[in-house]
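Note sheet for the following structure.
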Amino acid sequence: MGKKSLETWCSDQLHDVLGFSDKSLATFLVDVADKASSVQEIVKVFEEGGHLQGKNDRLVEEFAKDLFRRCHPSSSDPEKKKKRSKAPKRKTEDVVEETREKERVSAVSDDTKETRKRSRPEDSGVNDGEQKRSPEAVSPPEKKDATGEAAEEEETEENMTVEQLREKSRQVYLKSREQREVDLLQKSLADEETLFKGVKLTKAEEKRITLGKKILGMVEEREGRDAIQDGYRLPDSYDDKESKAKQDQDKLSSRYVEEKHEKTEEQLWQEAQTNKATIVKKKHKKDEQDYELVFDDKIDFVMQGTRKGHDRRGDRAKSASRRRTSTKEKEEAKPEAPQSTPQETEHQKILAGRKRLPVYPYREELLAAVKDHRVLILVGETGSGKTTQIPQFLHEVGYSKLGKIGCTQPRRVAAMSVAARVAQEMNVTLGHEVGYAIRFETCTSPKTIIQYMTDGMLLREILTEPDLSGYSCIVIDEAHERTLSTDILLTLLKDIVRYRSDLKLIVSSATLDAEKFSTFFDNASIFMIPGRMFPVDIYYTKAPESDYVDASVVTVLQIHVSQPLDGDVLVFLTGQEEIEAAGEILTMRTRNLGSRIPELIICPIYANLPSEQQAKIFEKTPKGSRKVVLATNIAETSLTIDGIKYVIDTGFQKQKSFNAKYGMESLIVTPISQAAANQRAGRGGRTQPGKCFRLFTAWSFQNELEPNTIPEIARTNMGNVVLLLKSLGVNNLLHFDFMDRPPSDSLIRALEQLYALGALNDRGDLTKLGRRMAEFPLDPMLSKTVIVSEKLKCMSEILSMVAMLSLGAGVFYRPKDKALLADTARMNFARGGGGDHMSLYRCYHDWAQSNYSSIWCMENFVQLRTIRKARDIREQLEGLCERVEIDPAVSVDGEVEPPMKAITAGFFYNVARLGRSGEYQTVKQHKTVYIHPSSVMAKDEKPPTWVVYFELAFTTKEFMRQVAPIEPEWLVEFAPHYFQEIDVAETNKKKKYGKARSKR
DNA sequence: ACCAGTAGT
């Protein structure tokens, strides 16, 4: 083997062993191997050079052996060897000493080794500092060559000891590393000048640039000096007027002092780098040192564990993953299929695809288990094909003759897409034998035998058909997600199964929860089916990260620079704001790096993002670039993006919590659970083995994260659910067999509220009014409002208002650059009084008048998608009204008083009175609350004494959202059991006189 | 003088 190919081979091997390649190192090592008399010597040189610390010994040894073997049978010619000989001794010592010092302070090299020690050897993780800092373009070690030539004359390599070789190894390595750093710095500064020429710089930026220049200056200075020392020493008498030489001369004479100074500077510089990863006030640091981000702003990860994969052949998408999934499955099926003849029909191909699903071999076993047990817990891991196959299996053996087979999904899209897929597999038209039922869109027929639906839909169905007599089997899919509806369904079904012995119930869940489900269903049997997932390596940070947004950006860049361009990156953040911030920083930083890195396409994704922009995440990543998706937990379960290989998990999410005492909601950034973290990691292993970088420590994963997310039922307002349960005849709610009990507070509040609204009588039984209210898929207070509005003849207004209210926020779009225009448009709806409630009504009304125009929406800063949902809700409510024999078209033509009276009748529980210092106090709990600044009432000069609010939200303060003024008399009129004339009058008086009295 | 994670009937 020629020397050249030996070097190439060595370089390749280095990549496997070290995680990075370095040509000069390879050349050097070949020389070392040439001279070495034993394998062990190579290993030693290698180790001492600082390349290998922490690497797997076995691998290293194998590599060394191999190298040794390859070198020795064919002794190489001495001419070539000469090239790579040792530098002058003095120089070596200098560099070695200096660099040892450097290593002690440098986070980069030391921590990298530290990390390696704990990483798997075959892993070429992002924590490989060298690779990260050495994009191929940036390592021209010219200096080294010069050194080599200078050395050539002095010594022949025959005289070199192994000891010297080690020094040399270390020197080469450190030198090239230093060179790369300097190079990057130079380019960064050059970028700065070209890109931001003429742009006014902030102080921090200025400081940063000055610092960078200073460092460069120092390096140059030293290099000049080194050159002199290395090559030849200037005679003392040599006195040139040329300033450069003179300066160098001066430096020489004052070397000691200078060097000391220089070292201190350098130490400071490096200390700053070291601290960067861990220091608490990271943000400020970041501002100062943006330019070094790729190699200094580094986060150290430790690999610990792998999320195991199954069946590496390919991934079968999670059943919860919609339409895309099904199309994907189809595509996927083709290459896997045994070479299909052209005659083979599309349908035959699909059938062949079915047989390859992991669930297929378990068919008979599973059906036997279903036959023997009424309730079966199914652990079907992601990609097993359970969602599409199990209902078909049940149908094939005849369960469909006894009744429909129902399968619930937590999400609408899932229900639709899975149904479509199954219809295709069964070769029937969607909506005939196979159908789906979701709100606003039921696609079934009397022929339907397999019906997919949302869990909420089945819950509503139980209301009309309490024993589910039309069904022979029910499959509750994705039960581990523990949605509110799933939880309620499970309890109800547990009961139904008891007296309907012919009903089969299959509860499908992820591994972790299977035991819990089994226990809940009186130790039901568990049936396991493996899935198809690729393994995902899990990395943790060595130290906690204080600023996870910044840390995630740094990690993205680390991955982007150090990992092959073979997979996209998915980052989990908590919300829109963070996603935008991270996006901006990323754009900035990648721009600073210019063309030295491949293109990075940044795609934000969150539910409120306009659909066109959402579509961007599904676009295929162009060659030579990488996509980074910044997502909320929407990407955790709700949508699946192909091509993701790297997942960055900040470990946080926003979670709603409900304070039953005040009926107040808050959205808080909370640490995720272990289960959620694993779910997120799994997102990286869908199409290929992946890597997940967790921006928290392994310790905190074990000790600080809850094993499971607190189920929704424990965090939500139960008003709706309690009304539903009451109308199903569940009398003793406190003894209802919840899988996880909601806080009693929250149940009691719901009962209290329903009693106050008149939906329950004093014995806790459902009243006639309550029964009517339960018909509406709305919060009890809204249902009450709708029912009352019949008498007030303002159905039309209230239906629009209710539809808009139940959307929550997000109707009004407020871009930062046009905030003023948006506000003006919004205030337009407020003209004519009636606060936010009437504004919402007028908004909907005007839109309807414009013939549901999208241009109208743009002009008025209204989100089309959201208001369209309001239209859907309104139309559904209309339909329900007709069923309860209420005419939904009755209107008062936008008059304010009647609809506001109806709102008062429903929301008297949510009334606040103006206090002395301009703050409001809730009537019930006397809690001080404020009008939310987004309200049209926020800027009113004369705040009304009495207001009604739609909801209470705690953010920075206790805010009332959607506020409207009311007359206290209405309270007495519509909630006489709650307010008496005297209350209203007295409180008024109290307020007036109380103020005066308290001053005296 | 705020700032909305996701899903569902």
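Side chains are part of it too, since the values below use all heavy atoms of this structure and drop only hydrogens, waters and symmetry mates. Quantities reported herein were computed from a predicted structural model and do not represent experimental measurements. Residue numbers begin at 1 in each chain, while the letters A, B, ... track the order of the sequences.
- Atom CD1 in A:Ile579 sits roughly 12 Å away from atom C1' in B:dT6 (whole-Å rounding).
- You'll find that the side chain of A:Met457 is closest to B:dT9, out of B:dC2, B:dT9, B:dG5.
- A:Ile634 comes within 4.0 angstrom of sugar-phosphate atoms only, judged by non-hydrogen atoms across all strands, and of no base.
- Using modelled atom types, one finds a donor on one side chain and an acceptor on the other under 3.5 Å when comparing A:Tyr548 with A:Glu578.
- The distance between atom CD of A:Glu481 and atom C1' of B:dG8, rounded to the nearest whole Å, is 12 Å.
- Counting non-hydrogen atoms under 4.0 angstrom, A:Gln653 reaches nothing in the nucleic acid.
- Considering only side-chain N and O atoms, A:Thr454 lies under 4.0 angstrom from the phosphate OP1 or OP2 of B:dT9.
- The nearest whole Å value for the distance from the CG atom in A:Leu609 to the P atom in B:dA4 is 16 Å.
- Closest to the side chain of A:Lys654, out of B:dG5, B:dC2, B:dT6, is B:dG5.
- Across all strands shown, A:Glu712 has heavy atoms under 4.0 Å from base atoms, whether or not it also approaches the sugar-phosphate.
- When distances are taken from the side chain of A:Arg411 to each of B:dA7, B:dG5, B:dC2, the shortest belongs to B:dA7.
- Taking 4.0 angstrom as the limit, A:Arg412 places a side-chain polar atom (N or O) nearer than this to OP1 or OP2 of B:dT9.
- Mapping A:Lys656 and A:Arg460 onto DNA chain B by nearest heavy atom places A:Lys656 at the nucleotide closer to the 5' end.
- Using modelled atom types and a 3.5 Å distance limit, the side chains of A:Thr555 and A:Ser552 yield no donor-acceptor pair.
- Protein atom CG of A:Leu725 is 14 Å distant from nucleotide atom C1' of B:dT9, rounded to whole Å.
- Nearest-nucleotide assignment on DNA chain B puts the 5′-proximal partner with A:Arg961, out of A:Arg961 and A:Phe776.
- Between A:Gln409 atom CD and B:dT9 atom C1' there is a gap of 16 Å when expressed in whole angstrom units.
- An OP1 or OP2 oxygen of B:dT6 is reached within less than 4.0 angstrom by a side-chain nitrogen or oxygen of A:Thr632.
- Of all the heavy atoms in A:Arg683 and A:Val647, the pair that sits closest is C-CG2, 4.0 Å.
- As judged by a 4.0 angstrom heavy-atom cut-off over every strand, A:Tyr606 is placed among residues touching the sugar-phosphate backbone only.
- The aromatic rings of A:Phe696 and A:Phe701 lie parallel to each other, with less than 30° between the two planes, well short of the 60° mark.
- Out of B:dA7, B:dC2, B:dT9, the shortest distance to the side chain of A:Ser638 is found at B:dA7.
- Inspection of the A:Ser917 and A:Glu919 side chains reveals an N or O donor paired with an N or O acceptor under 3.5 Å.
- Using a 4.0 Å cut-off between charged nitrogen and carboxylate oxygen, A:Arg411 and A:Glu481 count as a salt-bridge pair.
- Residue-level contact check: A:Ser485 touches neither bases nor backbone, having no heavy atom under 4.0 Å from any strand.
- One atom, CZ of A:Phe950, and another, C1' of B:dA4, lie 13 Å apart when rounded to the nearest Å.
- Taking every side-chain heavy atom of A:Pro777 into account, B:dT9 is the closest of B:dG5, B:dT9, B:dA7.
- Spacing between atom CG of A:Leu667 and atom P of B:dT6 amounts to 9 Å, rounded to whole angstrom units.
- Here A:Leu724 lies out of heavy-atom contact (under 4.0 Å) with every strand.
- Per the geometry, CE belonging to A:Met453 stands 15 Å off P belonging to B:dG8, to the nearest Å.
- The listed nucleotides are B:dA7, B:dT9, B:dG5; the one nearest the side chain of A:Asn720 is B:dT9.
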